[in-house]
Amino acid sequence: MSNVTVCVRFRPLSHKERKANGDNVCFKKLDSESFVFKDEREEDVIFSFDKVFYEDAQQSDVYNFLAVPIVSDAINGINGTIITYGQTGAGKTYSMEGPSILHCNEQKTGLVQRVVDELFVCLGSSASTWTVKLSMVEIYLEKVRDLLDLSKDNLQIKESKTQGIYISGATEISILNSSDALENLSQGIANRAVGETQMNLASSRSHCLYIFSVQYGSTSDERVTSGKIILVDLAGSEKVEKTGAEGRVLDEAKTINKSLSALGNVINALTTGKQNHVPFRDSKLTRILQDALGGNSRAALLCCCSPSPSNAPESLSTLRFGTRTKLIKASPKLIPEAVDNTKKPTIETHDQDDLRERILSKLRLSLKEEDVDLLEELFVQEGIIFDPSSVADIDLACRDTASEEISLLMQAVEELKETVEELTDENEKLRRSLQVAQEMTAQAQLAATAAAARSRTLLDLVPAVLRPFGFVPD
Ligand SMILES: Nc1ncnc2c1ncn2[C@@H]1O[C@H](COP(=O)(O)OP(=O)(O)OP(=O)(O)O)[C@@H](O)[C@H]1O
């Protein structure tokens, strides 16, 4: 099976859709994994996914199939991501949050709350120590906004060896149990609504990310396992033309389309074997999801669709997106990285000591002993250099810059090759024209010589012609 589980969910027909088209729907169920979809031209297309949830599917069905494996993996140090994709009103937020995150009956409870409950059940039943931290951010117009602290409205995405991709400076709240988590989540959701009113935007125009970081320590061998679960409620995927948007709303729609198509491009690159050129950096969304899609992670995509024939083009495009995503194959580095993760704390301590000694010995070669002592004190006090993540950052930044340079150089070489080819062609054409011109010149010269010879012969005849008339030339 591929690394990404892809499921489809058709929500029930809305009141409005029923009024417009009666009970008509745009698909016919074949089994729990496939259906026939009627496109706009009434042509039948068969789609198959890991699972299809039809209108009568329960929230618990979606959770059990899609999220349970991801929660148990997170405790074992494998990052997990669940994404809901689809046009506005297709049921993304309903699947993620249910009708309300705090006040909701068991049957309608969404994925987020179920993930939290399961996480604390698993952690609570173990004898090990653990911490769970929550962050909640929103990506709007390519800016990452902290939903747990609205004053942070342009967070940066960074990468380190120890944490992988992370959102620098995002508020992280330690949560102790399920109800604690839900209160903080509902605060984040309320903040999202405040931001929406302030900025006059609708939730369907931003991507919302719920991030749970789990650290799990084994008391027997003092190993710490870190895992992350990211739940992503994407902005509506509908086409700009259909929304009739203009002005700022059009800009929003374009940005959403851009980041969703960046997601599509990343998926394309991952599925077509162009793994060396995966454009994760093309959008904030793909950058944050880099670890989730690119390697040490399990991911699940829930493609939410309206069942109504009036939304068939949007549903078709959602289903095509899902089909492409299904082709992403598991990265071979998945398991080794996950195992490495569990060993990191001990390795880091050794690294730090080693690194400190190496740097100080180098400095001793060129500086006075007391200056080195002062520097050592400063380093330790300020946590400079000996912070492994900052070292990793520098390391990665260098590698990033180097690989960017290499790809720029390769591009330049490609362009040069093309130019050389063009010039060679041009040169060949010129050479042929020159040859033709030389041949013509030679023929012209020959003709001129022949003409000159003919006129000389004529001149030679002149005396003989004139002599009978008594004219004798000199
Ligand atoms: N499976 C479902 N069962 C019952 N009602 C549903 C279901 N899915 C969605 N709905 C209802 O459909 C409406 C639209 O759903 P929802 O808000 O989840 O859409 P969305 O895809 O998140 O849209 P947006 O992109 O605008 O946020 C809501 O009123 C929701 O309660």
Side-chain angles (χ1 to χ4, degrees), residues 7-21 23 25-27 29 35 51-67 82-114 136 138-141 147 185 188-190 192-193 195-197 199-210 231-240 242-245 249 252-253 255-257 259-260 263 285 301-308 310-311 313-315 317-319 321-322:
C7 302
V8 169
R9 185 176 199 181
F10 287 105
R11 63 158 167 73
L13 282 165
S14 70
H15 185 64
K16 202 172 145 200
E17 288 166 341
R18 241 178 239 288
K19 234 174 133 186
N21 295 297
D23 287 343
V25 291
C26 57
F27 65 90
K29 174 177 175 175
F35 55 88
K51 191 83 165 176
V52 182
F53 301 103
Y54 297 99
E55 302 108 301
D56 55 351
Q58 300 297 307
Q59 296 277 65
S60 58
D61 299 333
V62 178
Y63 170 75
N64 286 331
F65 188 84
L66 215 83
I82 303 172
I83 305 170
T84 54
Y85 182 99
Q87 73 175 116
T88 293
K92 301 182 294 294
T93 307
Y94 182 89
S95 299
M96 216 36 123
E97 294 174 6
S100 154
I101 203 115
L102 271 186
H103 313 287
C104 179
N105 69 35
E106 208 283 322
Q107 203 194 358
K108 292 185 176 172
T109 301
L111 284 169
V112 180
Q113 187 175 337
R114 286 174 197 269
M136 220 179 137
E138 177 179 55
I139 308 176
Y140 172 65
L141 286 179
L147 288 175
L185 282 164
I189 292 167
R192 194 180 185 199
E196 279 164 24
T197 323
M199 293 192 286
N200 190 25
L201 78 114
S203 57
S204 55
R205 287 184 248 145
S206 65
H207 310 299
C208 181
L209 288 84
Y210 316 80
L231 296 141
V232 189
D233 186 357
L234 289 176
S237 59
E238 55 277 354
K239 295 199 171 62
V240 187
K242 190 160 181 177
T243 60
V249 180
E252 286 167 351
T255 317
I256 295 166
N257 283 0
S259 68
L260 290 178
L263 184 59
L285 177 67
L301 175 74
L302 183 65
C303 295
C304 299
C305 294
S306 150
S308 170
S310 59
N311 287 314
E314 282 74 20
S315 298
S317 113
T318 300
L319 295 170
F321 184 85

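Read the numbers this way: they start at 1 and go in the same order the structure lists the ligands and their atoms. Quick caveat, the model's predicted, so the values are computed rather than measured.
Inter-residue side-chain proximity for S259 and I139 is flagged as unmet; no heavy-atom pair is nearer than 4.5 Å.
A donor-acceptor pair is defined here as one N or O able to donate and one able to accept, closer than 3.5 Å; such a pair exists between the side chain of K92 and the backbone of G86. A donor-acceptor contact shorter than 3.5 Å links the side chain of Q59 to the backbone of K108.
For Q107 against R114, the heavy-atom pair with the smallest separation is O-NH2, 3.5 Å. Smallest separation of non-hydrogen atoms from G236 and L260: O-CD1, 4.0 Å. Contact detail for G322 and C303: the closest heavy-atom pair is CA-SG, 3.7 Å.
The N/O atoms of D233, backbone and side chain alike, include none that comes under 3.5 Å of an N/O atom in ligand 1.
Aromatic ring orientation, F35 versus F10: perpendicular (interplanar angle above 60°, classes split at 30° and 60°).
Taking every non-hydrogen atom of A90 and a distance limit under 4.0 Å, the qualifying atoms of ligand 1 come out as 19 (O), 20 (P), 21 (O). The distance from ligand 1 to the heavy atoms of R9 drops below 4.0 Å at these ligand atoms: 1 (N). Residue contact check: Q87 has heavy atoms under 4.0 Å from atoms 21 (O) of ligand 1.
For the residues G91, G110, S306, S237, the heavy atom positioned nearest atom 15 (O) of ligand 1 is part of G91. For atom 23 (O) of ligand 1, the nearest non-hydrogen atom from the set S14, G89, P12, A57 belongs to G89. When R11, E55, K92 are checked for heavy-atom proximity to atom 25 (O) of ligand 1, K92 turns out nearest. One option in T93, L234, D56 has a heavy atom closer to atom 27 (O) of ligand 1 than any other, and that option is T93.
Under a 4.0 angstrom heavy-atom cut-off, K108 registers as lying outside contact with ligand 1.
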